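Notes follow once the structure below has been shown.
Counting convention: from 1, in listed order, for ligands and their atoms alike. Numbers for residues simply follow the sequence, beginning at 1. This one's a predicted model, so the numbers in the text were calculated from it and none came from an experiment.
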Amino acid sequence: MITYDEKMKLMIDYKYPLSAKYDPEWIYENKMGSQCLWLVESLTRIMTLKPGMRVLDMGCGKALTSIFLAKEFGVTVFANDFWISPDENWKRISEAGVENLVFPIMGEAHNLPYAKNFFDAIICVNSFQFYGTADTYLSDYMSHLLRDGGEFGLVVWGPNKEFNGKVPDDMEKS
Ligand SMILES: C[S@@+](CC[C@H](N)C(=O)[O-])C[C@H]1O[C@@H](n2cnc3c(N)ncnc32)[C@H](O)[C@@H]1O
């Protein structure tokens, strides 16, 4: 059985140096399935994020990725979620000291409360699979929120190597 300390060590990987600066307990206690800071850090390597930009963190969960983007890139983040209340996220945002940059919002993915062309960037970290599965989801519900030339970034976790035709035994059981 894996100990708590071993679990904390698993939250840090120096392949993701920005994420490695954050408290592993804070990540572990608030993550919703995956080490979301690694996912968002990998996205930021291929996106252009600059201070002053407005970013929609769609399906932000407990807003860890929103806090990360504000701290690391100085962007203004609309931390939009459906399951986690804005009250809960505001507490975490304030404790992280980014209350001037991160705004917690409750919004359902098919009825988002934002103006057309409002965002410079939209990111979805381990969430698009919950609401974006219809072929026309992006064109019907999301793309109009992005300004001309804005960037859309989507990332979902997966295995770190190919299965080569056979799912590993330990994964097959679950
Ligand atoms: C697995 S959690 C990931 C949260 C966060 N992005 C992370 O990586 O820690 C998926 C998130 O998608 C959000 N979500 C699911 N369906 C949604 C919907 N219809 N509209 C808005 N958000 C939704 C949930 O509220 C949930 O927080």
Side-chain angles (χ1 to χ4, degrees), residues 7-8 10-13 15-16 18-47 49 53-73 75-96 98 101-116 118-146 151-160 171 174:
K7 282 183 192 166
M8 291 309 108
L10 290 175
M11 294 296 104
I12 301 298
D13 182 338
K15 281 198 301 256
Y16 302 96
L18 299 179
S19 306
K21 296 188 289 184
Y22 290 76
D23 177 4
E25 289 195 24
W26 181 76
I27 300 167
Y28 186 78
E29 297 304 331
N30 294 305
K31 70 185 178 58
M32 292 175 71
S34 63
Q35 214 300 20
C36 55
L37 297 191
W38 295 347
L39 299 184
V40 74
E41 184 169 348
S42 68
L43 256 191
T44 62
R45 292 174 186 164
I46 55 168
M47 294 181 78
L49 297 173
M53 288 174 98
R54 282 184 296 280
V55 178
L56 173 60
D57 186 354
M58 181 59 205
C60 70
K62 298 193 177 179
L64 303 195
T65 51
S66 310
I67 291 166
F68 174 93
L69 289 173
K71 281 188 179 247
E72 301 301 327
F73 297 92
V75 292
T76 299
V77 187
F78 290 74
N80 189 109
D81 203 63
F82 193 50
W83 301 344
I84 306 299
S85 81
D87 295 339
E88 182 187 328
N89 275 343
W90 180 239
K91 187 166 180 290
R92 219 172 342 269
I93 291 161
S94 305
E95 284 167 359
V98 285
L101 287 176
V102 183
F103 302 94
I105 307 284
M106 177 165 281
E108 203 286 321
H110 301 83
N111 189 22
L112 292 171
Y114 306 104
K116 281 183 189 164
F118 185 70
F119 291 106
D120 299 293
I122 298 177
I123 64 150
C124 305
V125 177
N126 192 23
S127 69
F128 195 79
Q129 68 273 27
F130 291 97
Y131 49 78
T133 49
D135 290 347
T136 57
Y137 176 75
L138 273 181
S139 57
D140 288 351
Y141 297 103
M142 200 170 259
S143 56
H144 66 283
L145 302 177
L146 204 53
E151 291 185 17
F152 176 75
L154 188 166
V155 60
V156 180
W157 63 273
N160 63 3
M171 290 187 81
S174 61

Output the distance between atom CG (Leu154) and atom CG (Asn126), rounded to the nearest 0.5 Å.
-> 10.0 Å
Contact check, Val125 vs ligand 1, heavy-atom distance below 4.0 Å = yes
Report the part of Cys124 in contact with ligand 1, treating N, CA, C, O as backbone and CB onward as side chain, heavy atoms under 4.0 Å; options are side chain, backbone, both, neither.
-> neither
Protein contact to atom 20 (N) of ligand 1 [nearest heavy atom, distance to 0.1 Å] | Ala109 N, 2.9 Å
Taking N or O atoms only and a 3.5 Å limit, does Glu108 qualify as a polar contact for ligand 1?
-> yes
Non-hydrogen atom of Gly33 closer than 4.0 Å to ligand 1 = no
Could you tell me whether ligand 1 has any atom less than 4.0 Å away from a heavy atom of Gly107?
-> yes
Report yes or no: does a heavy atom of Thr65 sit under 4.0 Å from some atom of ligand 1?
-> no
Please confirm whether Met58 comes under 4.0 Å of ligand 1, counting heavy atoms of the residue only.
-> yes
Flag yes if more than 12 heavy atoms outside Lys91 fall under 6.0 Å of its NZ atom; otherwise flag no.
-> no
When rounded to the nearest 0.5 angstrom, what distance separates CD in Glu95 from CZ in Arg92?
-> 8.0 Å
Below 3.5 angstrom, do we get any N/O pair linking Phe130 and ligand 1?
-> no
Would you say Gln35 and Asp13 make side-chain contact, with heavy atoms under 4.5 Å?
-> no
Atom 27 (O) of ligand 1 [closest protein heavy-atom partner, distance rounded to 0.1 Å] = Asp81 OD1, 2.8 Å
Does Asn126 reach ligand 1 with a nitrogen or oxygen that is under 3.5 Å from one of the ligand's nitrogen or oxygen atoms?
-> no
Check Tyr131 against ligand 1 and report side chain, backbone, both or neither, counting heavy atoms closer than 4.0 Å.
-> side chain
Verify, without hydrogens or angle tests, whether Ser127 (side chain) and Cys124 (backbone) share a donor-acceptor contact under 3.5 angstrom.
-> no
Measure the spacing between CG of Leu37 and NZ of Lys21 and express it to the nearest 0.5 Å.
-> 11.0 Å
Any idea which protein heavy atom is nearest atom 12 (O) of ligand 1, and the distance to it?
-> Ser127 CB, 3.5 Å
Protein heavy-atom partner closest to atom 26 (C) of ligand 1 - residue, atom, separation in Å = Trp83 CE3, 3.3 Å
Subset of ligand 1 atoms that lie under 4.0 Å from at least one heavy atom of Cys36 = 7 (C), 8 (O), 9 (O)
Based purely on interatomic distance, does Ser34 place a nitrogen or oxygen under 3.5 Å from a nitrogen or oxygen of ligand 1?
-> no
Check each of Asn89, Ile67, Asp81 against Lys62 using the side chain to side chain contact (heavy atoms under 4.5 Å, CB included) test, and report the only one that passes.
-> Asn89
Is it true that a side-chain atom of Ser66 and a backbone atom of Val77 form a donor plus acceptor pair closer than 3.5 Å?
-> no
Apply the ring-ring contact (aromatic ring centres under 6.0 Å, His included) test between His110 and each candidate in Tyr131, Tyr137, Phe82, Phe130; give the one that qualifies.
-> Tyr137
What atoms in ligand 1 come closer than 4.0 Å to a heavy atom of Phe82?
-> 20 (N), 21 (C), 22 (N), 23 (C), 25 (O)
Using the ring of each side chain (for Trp, its six-membered ring), is Phe119 parallel, tilted or perpendicular to Tyr114, with breaks at 30° and 60°?
-> perpendicular
Going by the atom numbers of ligand 1, which of them fall below 4.0 Å from some non-hydrogen atom of Gly59?
-> 4 (C), 5 (C), 6 (N), 11 (C), 12 (O), 13 (C)
Might you confirm whether atom CG of Asp23 has over 12 heavy atoms from other residues, nucleotides or ligands at distances under 6.0 Å?
-> yes
Which residue and non-hydrogen atom of the protein lie closest to atom 1 (C) of ligand 1, and at what distance in Å?
-> Met32 O, 3.3 Å
Using modelled atom types only, decide if a donor and an acceptor are shared between the side chain of Lys31 and the backbone of Met11 within a distance under 3.5 Å.
-> no
